[in-house]
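These notes concern the structure reproduced below.
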Amino acid sequence: MVGQSHTTTFIFFTTFLFISRSISAVHFPSRPNTTITNDLDFIRTSCNATLYPDVCFTSLAGYASAVQDSPARLAKLAIGVSLSQAKSTAAYLSKLSRSAVVTSTAKYSGDGHQTTSAVIRDCISNVEDAVDEMRGSLRQLRNMNGGGGVAAARRSVETFRFQMSNVQTWMSAALTDEDTCMDGFEDLEEGGVIKTTVCDRLEEVKRLTSNALALVNTYANNGAP
């Protein structure tokens with residue numbers, strides 16, 4: 001009886017070992033290089049419709065395998081990249097506003113121009129508005145494409161265009177808010193290094209947002225079901 005038990009255990013173990021080795025021997029196919037190249041070509045071609053194609057491609061190429069050849073995914077990704085940069089800039093401005101260099105509470109200097117601290121406070125409000133508007137755009141796009149299948153197929157052209165017009169409006173508003181923030185710093189007569197650093201950051205955000213809006217426009221014009 002004991003021998004039979006040992007035999008059964010041995011057979012079970014041998015069978016388990018064989019199955020385990022068989023599973024480990026299976027190799028799931030990776031995406032071929034030609035497919036990855038096509039994904040990158042899609043992003044490069046799509047970025048040609050933007051004002052800053054090099055910035056567009058550089059910021060999005062790393063996500064080519066996720067985007068593949070989907071204008072909807074590309075638009076969402078572009079907004080997400082811009083949103084991330086805008087949030088980072090808002091955090092930087094908030095920290096800057098609390099620094100000893102710009103803690104003045106005065107809104108205007110002796111010659112009637114806005115102080116650096118006042119411009120930064122206004123800019124924070126502008127960028128935070130832009131962040132909210134991009135979040136709204138991203139939420140709208142996700143809701144549009146979240147259903148998939150039959151629900152997505154039945155979505156009317158009119159509904160698609162209405163929803164995309166909301167996204168376009170929010171993204172345009174975000175770009176306007178960023179422009180307003182930039183204008184405040186460009187009109188600032190003081191500021192020095194702070195002014196230069198902030199303007200560089202804002203310019204980067206503006207380019208990403210502009211590119212995202214262009215990709216949204218492309219999707220709105222060509223992506224109707």
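Residue numbers start at 1 and run along the sequence shown. The figures here come from the full heavy-atom set of this structure, side chains too, leaving out hydrogens, waters and symmetry mates.
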Look at the side chain of Ser99 and the backbone N and O of Leu96, then say whether any donor-acceptor pair between them is shorter than 3.5 Å.
yes
Evaluate the side-chain proximity of Val127 to Leu202: yes if any heavy-atom separation is below 4.5 Å, no if none is.
yes
Hey, mind stepping through Ile79 and Val167 against side-chain contact (heavy atoms from CB on, under 4.5 Å) and telling me if it holds?
CA-CA 10 Å; Ile79 294 174; Val167 177; 4.3 Å; yes
Non-hydrogen side-chain atoms of Met164 and Val216 separated by less than 4.5 Å:
yes
Please confirm whether the backbone N or O of Gly80 pairs with a side-chain atom of Ser84, one donor and one acceptor, at under 3.5 Å?
no
Excluding sequence neighbours, so at least two apart, what forms salt bridge (Lys or Arg N to Asp or Glu O under 4.0 Å) with Asp183?
none
Is there a side-chain contact between Val131 and Leu83, using heavy atoms and a 4.5 Å cut-off?
yes
Judged by atom type as modelled, is there a donor-acceptor pair below 3.5 Å linking the side chain of Ser94 to the main-chain atoms of Ala90?
no
Any idea which heavy atoms bring Cys199 and Met182 closest together, and the distance?
O-CE, 3.4 Å
Considering only heavy atoms from C-beta outward, does the side chain of Leu60 approach that of Val67 to under 4.5 Å?
no
I'd like to know if Trp170 and Phe160 are part of one continuous hydrophobic network [Ile/Leu/Val/Met/Phe/Trp/Tyr, side-chain heavy atoms within less than 4.5 Å].
no
Would a 4.5 Å heavy-atom cut-off, applied to side chains only, mark Ser70 and Phe42 as touching?
no
Sub-4.5 Å side-chain heavy-atom contact between Cys181 and Asp177:
no
Side chains of Ser172 and Leu213: does their closest heavy-atom pair fall under 4.5 Å?
yes
Is it true that a side-chain atom of Ser165 and a backbone atom of Phe162 form a donor plus acceptor pair closer than 3.5 Å?
yes
Any Ser46 side-chain heavy atom under 4.5 Å of Leu215 side chain
yes
